[in-house]
Each structure stands twice: as structure tokens, then as C-alpha cells.
Amino acid sequence: MTTKIAIVGAGIVGTTAAYYLKQNNPANEITIFDAGIGQATKAAAGIISPWLSKRRNQRWYHLARAGAVELARLSQELQLPLTCYQNCGTIITRSAPQKLEELYELALQRRHQAPQIGEITQLSQTEIHRQLPFLQAVPAPGILISGGSRLDGALFCKLLLEKLRAQQVEYRKGTATLLSEQQLLFKQQVCSFDVIILATGAWTAQMLEPLGIKLKVHPQKGQLLELQLPHWSAVSSPVLMPEAEFDLIPVENGRVLVGATHEDHGEFNLQPTTAARAKLLRVATPWLGKIDPLKVKNQRVGTRAYLPDFAPCVGKVPRHEKVLIGTGLGSSGLTTGPMVGKLLADLVANPDLELGYYSQPVANYL
């Protein structure tokens with residue numbers, strides 16, 4: 001049986017949903033619509049290492065843990081290059097010995113249910129510097145989680161879209177507007193579908209307005225910097241997650257990403273700011289030393305989506321069950337996104353699918 005499906009949004013949720021929909025049923029007719037602006041996936045830092053989070057929301061953890069496994073599986077299945085996905089390990093630092101020991105014990109405990117964590121190694125400051133020789137100083141010791149990875153979200157979506165086009169998935173660039181439960185308006189043309197999936201992140205609230213639905217999702221602006229440092233081989237360089245609210249992600253050809261900011265008042269403003277640039281340079285200085293402004297090669301800007309409980313929401317829209325949403329991924333979008341996409345595809349195949357292990361009902365956010 002052929003199902004005609006529209007996906008609005010070509011970020012990590014939308015592209016993986018299309019991929020799984022084709023896997024579930026190659027006869028599915030899928031059209032992806034994407035406006036091409038503000039996408040959180042393209043601006044994300046790309047750290048896949050959810051296991052040591054101390055969030056109390058268990059649904060988020062179930063989703064993030066499963067997403068990390070699914071992403072590793074996808075990387076093999078799609079034969080992603082190392083520039084896109086790499087199991088490089090993550091180093092997490094703590095200045096207080098007691099906090100570092102607690103983190104180590106948490107890692108050992110969670111490895112029982114999440115073997116993908118891999119090896120857990122305590123590192124001195126000297127050992128961290130050996131792993132990351134571009135650092136000018138190492139203010140604190142840490143632990144290395146060998147199962148941690150990094151993902152280039154923009155490249156992932158680009159490569160996946162290329163594969164989807166080869167499977168006759170149609171990609172249409174431009175803004176699509178929801179007219180009704182099964183209709184979209186695109187370039188002054190009304191398009192009808194059996195199912196519509198909204199993978200529109202922070203824009204999901206606006207998308208649902210024509211249905212009279214008010215979704216409690218709010219946007220958060222995130223900015224990160226791309227620095228060009230003296231060349232070194234980043235083939236196996238781990239990601240650094242210091243105690244502060246920023247990360248250092250070494251990528252190829254001597255580039256390092258620093259970020260990201262969490263700006264609740266930035267909303268949908270996609271302009272890079274000098275304030276964010278200054279803040280990111282300031283927080284990176286204890287690790288990288290004084291940074292020459294000429295080393296800043298790019299400043300990325302994206303808009304994250306957050307719900308009141310800071311966890312993703314996946315499911316059917318009440319009273320409009322042909323409309324499915326996956327939103328609220330926040331700063332963990334590259335980790336939870338593949339699993340959200342999979343759940344949306346599974347929900348198309350089985351409308352009675354129970355999602356309570358991973359998500360609160362959509363009605364809870366209206």
C-alpha cells in the first residue's frame with residue numbers, strides 16, 4: 001500500500017524520518033519541503049555523548065541513549081565518511097576531585113545498560129594535553145569516554161538527502177504552510193497528502209496555528225565559532241566537554257569549534273552578534289590561550305526548540321491525527337534526532353504505536 005507523505009523540514013529529524021519511511025515501505029511517496037533558514041542541525045556543535053547527563057527526565061535519557069545507538073548504526077549502514085561521523089571519544093572535565101569521582105562512578109553504572117559508552121579512563125591534565133596538543137593549558141583533569149562521537153549535522157543531512165533522491169524522494173526548497181490536516185500550501189499551490197510530518201523545530205508552533213493549535217514550544221538562539229588553529233591530525237582527536245557551558249570540538253585540518261551559546265531572548269534572530277563572539281572567545285581562553293581574531297573563520301547561528309520540560313515531544317496532534325510532530329530537541333538534537341525521526345516513521349506505519357517510554361503526549365504541551 002502506498003502512502004503519500006509530506007515532511008516539512010530537512011534537518012536531522014526530517015531526513016531520518018524520510019529514510020526510515022522508505023525502509024519501512026519502499027512504496028511510500030515522500031516529499032520533503034524545506035525553507036533552508038535557521039536550521040538547528042546546520043549550526044549544531046555535533047557532540048554525541050549523552051550518557052553522563054544528570055537530567056532527571058528519564059524519557060529524554062531513553063531517547064538520547066537510543067539515538068546514539070541508532071546514529072552509530074546509521075553511520076555504518078550509510079557508510080558515512082569520517083568528516084561526517086566519527087567515533088572519536090569525549091573528554092569530560094571537573095575541577096573538584098569529588099565531582100570527577102562521581103562522574104566516573106556514574107559512567108560505570110550506566111555502562112551496564114549502555115555498553116556503547118565503551119572504555120572509561122581517568123585522565124590527568126598532562127594526559128588530556130597529550131590527547132589534545134593544540135590546548136595551551138588544561139585547567140582540570142577529566143575522564144575519557146571512548147564511545148563518544150561527533151557528527152557534522154549539515155553534512156549528514158546533505159548526504160542523506162542525496163541517497164533519498166536516488167530513492168525517488170522529492171525535495172522542494174521553499175516555505176510550506178499548513179492549510180488543513182492533510183493539505184499544504186507551497187508556492188501558491190495546494191498539495192494534498194495522507195500524512196503530514198512537521199519536523200520544523202522551533203517553528204512548529206507557527207506551523208500549527210492554522211489548525212487552531214497552540215504549542216508551548218519556544219525558540220532559543222545558539223551561536224558557535226569555528227577557529228583555524230595550527231594544523232594537527234584530528235583523525236582521532238576526542239571532543240572536549242569542560243565544566244563550563246561550552247565545548248571544544250576538533251575537526252579536520254586544524255579547525256576547532258567553540259560553543260555554543262544559549263540565548264533565550266534571541267528567538268528567531270539569525271544574525272551573529274559581537275557579544276556572543278566575545279563570550280565564546282572569553283570562555284575558550286583558559287584552554288586555548290589568547291585567540292587572534294583572525295583565527296575566527298566562521299560564526300554559526302541556529303535556532304533550537306525547547307518545550308517546558310526540556311525534552312523532545314513526538315506524536316500525533318490531538319484532533320488532527322494525520323499531522324505528526326517531532327520537536328523540542330533543544331541542544332541534544334543531533335543525538336535525539338535520529339530516534340525521533342525513526343519514531344515518526346514507525347508511527348506512520350503503526351498509528352497505534354505506544355510512545356510513552358520516549359515522550360509525553362503532544363496534548364501535554366498544548
TODO: Kindly compute the distance separating CG (L21) from CD (Q167), expressed to the nearest 0.5 Å.
DONE: 11.0 Å
Task: Spatial distance of atom CG (L347) from atom CG (N24) [nearest 0.5 Å] - done: 11.0 Å
Open item on the list: Please tell me whether Y365 and D309 have a donor and an acceptor in their side chains that are separated by less than 3.5 angstrom.
Closed with: yes
TODO: Measure across I117 and I145 and return the closest heavy-atom pair with its distance rounded to 0.1 Å.
DONE: O-CG2, 3.3 Å
Task: Note, V239 side chain near S49 side chain (heavy atom, < 4.5 Å) - done: no
TODO: Go through the steps for R65 and W51 under the test side chain to side chain contact (heavy atoms under 4.5 Å, CB included), then give the verdict.
DONE: CA-CA 7 Å; R65 183 178 63 191; W51 307 288; 4.3 Å; yes
Open item on the list: Any heavy-atom pair between the side chains of T90 and P238 that's under 4.5 Å?
Closed with: no
TODO: Would you confirm whether the ring centroid of F33 sits within less than 6.0 angstrom of the ring centroid of F186?
DONE: yes
TODO: Taking the six-membered ring of Y61 (Phe, Tyr or Trp), confirm whether the NZ or CZ of R110 is under 6.0 Å from its centre and within 45° of its axis.
DONE: yes
Task: CD (Q98) with more than 12 external heavy atoms under 6.0 Å - done: no
TODO: Identify whether NZ of Lys or CZ of Arg in K4 sits under 6.0 Å from the centre of the six-membered ring of F193 and within 45° of that ring's axis.
DONE: yes
TODO: Taking the side chain as every heavy atom from C-beta outward, state whether L184 and T177 have any atom pair closer than 4.5 Å.
DONE: no
Task: side chain to side chain contact (heavy atoms under 4.5 Å, CB included) assessment of Y19 paired with T15 - done: CA-CA 6 Å; Y19 179 76; T15 52; over 6 Å; no
TODO: Would you check if there is a donor-acceptor pair between the side chains of Q271 and Q299 at a distance under 3.5 Å?
DONE: no
Task: Nearest non-hydrogen partners of A199 and V13, listed with the distance - done: CB-CG1, 3.7 Å
- [ ] Find out if a path of hydrophobic residues (ILVMFWY) with successive side-chain heavy-atom gaps under 4.5 Å connects L281 to F246.
- [x] yes
Open item on the list: What I'd like to find out is whether the side chain of N28 reaches to under 4.5 Å of the side chain of T2, using heavy atoms alone.
Closed with: no
Task: Q206 atom CD, neighbour heavy-atom count above 12 within 6.0 Å - done: yes
- [ ] Find out whether L366 and P318 are in side-chain contact, i.e. whether some heavy atom of one side chain is under 4.5 Å from a heavy atom of the other.
- [x] yes
Open item on the list: Do H62 and Y358 pair up side chain to side chain, a donor and an acceptor below 3.5 Å, judged on atom types alone?
Closed with: no
Open item on the list: Would you compute the distance between atom CG of L160 and atom CD1 of I32 and round it to the nearest 0.5 angstrom?
Closed with: 8.0 Å
Task: Single hit among T336, T335, L151 for side chain to side chain contact (heavy atoms under 4.5 Å, CB included) with L71 - done: L151
Task: Pair T261-E263, side-chain donor/acceptor within less than 3.5 Å - done: yes
Open item on the list: If you count every heavy atom of other residues, nucleotides or ligands that lies below 6.0 Å from Q58 atom CD, does the total exceed 12?
Closed with: yes
Open item on the list: If you compare all heavy atoms of V217 against all heavy atoms of A305, which two are closest, and at what distance to 0.1 Å?
Closed with: CG2-CB, 3.8 Å
- [ ] Look at the side chain of Q116 and the backbone N and O of V69, then say whether any donor-acceptor pair between them is shorter than 3.5 Å.
- [x] yes
Open item on the list: If only side-chain N and O atoms count, and only distance matters, is there a donor-acceptor pair under 3.5 Å linking S149 with Q86?
Closed with: no
Open item on the list: With clusters defined by side-chain heavy atoms of hydrophobic residues (ILVMFWY) lying less than 4.5 Å apart, directly or transitively, does V348 cluster with V317?
Closed with: no
- [ ] Report whether V138 and I291 are members of the same hydrophobic cluster (ILVMFWY, side-chain heavy atoms less than 4.5 Å apart, transitive linking).
- [x] yes
Open item on the list: Within the structure provided, determine whether L159 and L80 are in side-chain contact (heavy-atom separation under 4.5 Å).
Closed with: yes
Open item on the list: Looking at every non-hydrogen atom in both residues, tell me the closest pair between Y20 and G341 and how far apart they are.
Closed with: CD1-C, 4.1 Å
Task: Beyond-backbone contact of L324 with I196, side-chain heavy atoms, under 4.5 angstrom - done: no
TODO: For the pair E226 and R300, find out whether any cationic side-chain nitrogen is under 4.0 Å from an anionic carboxylate oxygen.
DONE: yes
Open item on the list: What verdict does the salt bridge (charged side-chain N to carboxylate O under 4.0 Å, His left out) test give for E102 and K99, after you've listed the backbone C-alpha separation in whole Å, the side-chain angles of each residue and the deciding distance to 0.1 Å?
Closed with: CA-CA 5 Å; E102 288 173 359; K99 288 185 177 180; over 6 Å; no
TODO: Verify the distance criterion only: is there a donor paired with an acceptor across the side chains of Q228 and R255 at less than 3.5 Å?
DONE: no
Task: Donor-acceptor under 3.5 Å (S53 side chain, P50 main chain) - done: no
TODO: Please lay out, stage by stage, how E243 and S95 fare under the test side-chain hydrogen bond (donor to acceptor under 3.5 Å, both in side chains).
DONE: CA-CA 8 Å; E243 206 161 356; S95 54; 3.1 Å; yes
Task: Stepwise side-chain hydrogen bond (donor to acceptor under 3.5 Å, both in side chains) check, T273 with Q223 - done: CA-CA 9 Å; T273 64; Q223 302 185 60; 3.1 Å; yes
TODO: Show your working on side chain to side chain contact (heavy atoms under 4.5 Å, CB included) between I47 and R150 and close with a plain yes or no.
DONE: CA-CA 5 Å; I47 301 171; R150 59 178 170 86; 5.8 Å; no
Open item on the list: Do I325 and V314 sit in one hydrophobic cluster, given that two such residues count as connected whenever their side-chain heavy atoms are within less than 4.5 Å of each other, even indirectly?
Closed with: no
Task: Co-membership, hydrophobic cluster, residues L229 and V283, 4.5 Å side-chain - done: yes
Open item on the list: Restricting to non-hydrogen atoms, name the atom on P312 and the atom on L307 that form the minimum distance, rounded to 0.1 Å.
Closed with: C-CD1, 4.4 Å
Task: Whether over 12 other heavy atoms sit under 6.0 Å from E162 CD - done: yes
TODO: Rounded to the nearest 0.5 Å, what's the gap from CG on N269 to NZ on K221? Could you check?
DONE: 4.0 Å
Open item on the list: What's the separation between atom OG in S237 and atom CD in Q131, rounded to the nearest 0.5 Å?
Closed with: 8.0 Å
- [ ] Identify the heavy atoms of C157 and I12 that sit nearest to each other, and give their distance.
- [x] SG-N, 3.6 Å
Open item on the list: I'd like to check I92 versus L103 (side-chain heavy atoms, cut-off strictly below 4.5 Å). Are they in contact?
Closed with: yes
